[in-house]
Amino acid sequence: MTALGLYRPGTSPLHRAPGGLKLLLLLLAGVGVVLLHRPWPVLAALVAVVLCYAVAGLSPRVALAQLRPLAWVGAVTALFQLVVAGWERAVVVVGVLAVLVLLAALVTLTTRTTELVDAVVAGCRPLRPLGVDAERVGLVLALGVRCVPVVVALAGEVRDAQRARGLAASPRAFAVPLIVRSLRHADALGDALAARGVDD
Amino acid sequence: MSRRRTTSRDLALVATFAGVVAALGLVPAVSLPVPVPITAQSLGVMLAGSVLGARRGFLALLLFVALVAVGLPLLAGGRGGLGVLAGPSVGFVLAFPFCAGLIGWLVERGGPSYHLVWGTVANLLGGIVLMYAAGTLGMVAVAHLGVGAAVAANAWYVVGDLVKVVVAAVVARGVHAAYPGLLGSPRARAREHSPA
């Protein structure tokens, strides 16, 4: 799972802190950062987050990579705020966005997927009166984690078969057999679950 | 609405389709001369609703979003983790389950067999109208963009997604032809089987 996930193994205090605590702190930090309205506190928060990356033993390159998906919207936003509200507002808006994304990515980078799944299942327990079965949530999350590589492998097989028959890359000739094969896989999976008493 | 139990077959279909949406995110489907990668991921959202129906389509994408949130890099371009939910594309990602649910609900209204034209309309309403409304709202809220600027930033993507609306309907028709019996409520199916 670590091969597929975004988790970066490590032994820093951030890696060893419990996942639930990290999620809670992320939530609190998220609420706190949004309340900042001056450029300097925002820049200070940005520096603090970058220091957290150093504590976690992650290189500045990793931190920068987390911001790359923001480049396009960040540029548009900065320009928009610069024109509409001046440079101070532009720094605050783009800075807060960067802090939030970096913090959330930090939790993902330092917490195992399994630990976050457990946190989700624990978080679902109080929802029982609403008809949410926490154990089923955990089961379907585990099934989903397993199904991703299975379907990706099926996609590779379908693509190979398509190439062997000399078909051009048509989306229809790719997606239809992929989904039909996936549905057959789901049937087998459903039978296996029923045989293990999931429906009882 | 009475609460329907999710059977093990439903669980299996939901989990598998979350995998299908992830696999389609890896495929560069349509290449258009625009500066953003257009992958088949939103095709997966439309197909989940069109193939599985409202309830299972919604759950499949809910699972997909949960897998992204717990740190699997399943979004197009290998993105994932909680950072996505703090970023400007949060509106799009959180809308995925509701778009699939709406498409599925509309397709189910069309009866137990899939109609190409009606399916395309459903994809247009769920996959373009609802998806972009939520996505634009998310960009306005997170990035403090004006509505006009957010719409302009999204305009590139609509072109590719309009192609996918039609592709998804054609693919869904092919799937339903090869694998009948996925649509229609259990009640409707029971009515079909029992002699009137």
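Throughout, protein chains are lettered first and strands after them, A, B, ... in sequence-line order, and every chain is numbered starting at 1.
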Would you say Arg196(A) has more than 12 foreign heavy atoms packed within less than 6.0 Å of its CZ?
-> no
Leu63(B) side, atom CG; Leu143(A) side, atom CG - distance, nearest 0.5 Å | 8.5 Å
Examine whether an atom of Leu103(A) lies under 4.5 Å from a heavy atom of chain B, and if so say whether it belongs to the side chain, the backbone or both; otherwise answer neither.
-> neither
Drop me the distance from Leu82(B)'s CG to Leu106(A)'s CG, to the nearest 0.5 angstrom.
-> 10.5 Å
Against chain B, label Arg68(A) side chain, backbone, both or neither, depending on which of its atoms sit under 4.5 Å from a heavy atom there.
-> neither
Identify whether Val151(B) and Tyr132(B) are in the same connected component of the hydrophobic contact network (ILVMFWY, side-chain heavy atoms under 4.5 Å).
-> no
Ala178(B) and Val180(A): which non-hydrogen atoms are nearest, and at how many Å?
-> CB-CG2, 3.9 Å
Does the pair Thr7(B) and Val198(A) meet the rule for a side-chain contact (heavy atoms from CB on, under 4.5 Å), with working shown?
-> CA-CA 8 Å; Thr7(B) 63; Val198(A) 170; over 6 Å; no
Which answer fits Val120(A), side chain, backbone, both or neither, if we ask what part of it has an atom under 4.5 Å from a heavy atom of chain B?
-> side chain
Please flag which part of Val14(B) lies under 4.5 Å from any non-hydrogen atom of chain A: side chain, backbone, both or neither.
-> side chain
Please check if atom CZ in Phe98(B) has more than 12 non-hydrogen atoms from other residues, nucleotides or ligands closer than 6.0 Å.
-> no
From the list Leu189(A), Val176(A), Leu100(A), the residue making the most non-hydrogen contacts under 4.5 Å with chain B is Val176(A)
side-chain contact (heavy atoms from CB on, under 4.5 Å) between Phe17(B) and Ile179(A): does it pass, once the steps are laid out?
-> CA-CA 8 Å; Phe17(B) 236 89; Ile179(A) 289 171; 4.1 Å; yes
Indicate yes or no: at least one non-hydrogen side-chain atom of Leu72(B) is less than 4.5 angstrom from one of Leu6(A).
-> no
same_hphob_cluster(Val158(B), Met131(B)) at 4.5 Å side-chain heavy-atom cutoff = yes
Side chain, backbone, both or neither: which part of Leu79(A) has a non-hydrogen atom closer than 4.5 Å to chain B?
-> neither
Inter-residue atom distance Arg184(A).CZ - Thr16(B).OG1, 0.5 Å rounding | 13.5 Å
Measure Val152(A) against the heavy atoms of chain B and call it side chain, backbone, both or neither at under 4.5 Å.
-> both
Which residue out of Val84(B), Leu67(B), Leu13(B) racks up the most heavy-atom pairs below 4.5 Å with chain A?
-> Leu67(B)
Within 6.0 Å of CZ in Arg8(A), more than 12 heavy atoms from elsewhere | no
Tightest non-hydrogen contact, residues Val151(A) and Ala23(B), listed as CG1-CB, 3.8 Å
Going only through I, L, V, M, F, W and Y residues with side-chain contacts under 4.5 Å, is there a path from Leu24(A) to Val121(A)?
-> no
Among the options Ser8(B), Ala86(B), Ala12(B), pick out the one with the most heavy-atom pairs lying under 4.5 Å from chain A.
-> Ser8(B)
Same cluster for Val94(A) and Met139(B) if Ile/Leu/Val/Met/Phe/Trp/Tyr side chains link at under 4.5 Å?
-> no
Chain A contact via Val167(B) - which portion, at a heavy-atom distance below 4.5 Å | side chain
Residues Ala15(B) and Gly144(A): closest non-hydrogen pair is CB-N, 4.0 Å
Per-residue tally against chain B (heavy atom, under 4.5 Å) across Val84(A), Leu154(A), Asp191(A), Thr77(A) peaks at Thr77(A)
Spacing of Phe174(A) atom CZ and Leu24(B) atom CG [to the nearest 0.5 Å] | 6.5 Å
Correct closest heavy-atom pair for Phe80(A) and Ala149(B) would be CD1-CB, 3.9 Å
From Ser182(A) OG over to Tyr179(B) OH, what is the distance, rounded to the nearest 0.5 angstrom?
-> 10.5 Å
Donor-acceptor under 3.5 Å (Gln81(A) side chain, Leu145(B) main chain) = no
Under 4.5 Å from a heavy atom of chain A, the part of Leu47(B) involved | side chain
Heavy-atom pairs under 4.5 Å with chain A are the metric here; pick the option from His144(B), Arg9(B), Arg173(B) that has the most.
-> His144(B)
Which bit of Ala143(B) is near chain A, if near means a heavy-atom gap under 4.5 Å: side chain, backbone, both or neither?
-> both
Answer yes if Ile103(B) and Val170(B) sit in the same cluster of Ile, Leu, Val, Met, Phe, Trp and Tyr residues linked by side chain heavy atoms under 4.5 Å apart, and no otherwise.
-> no
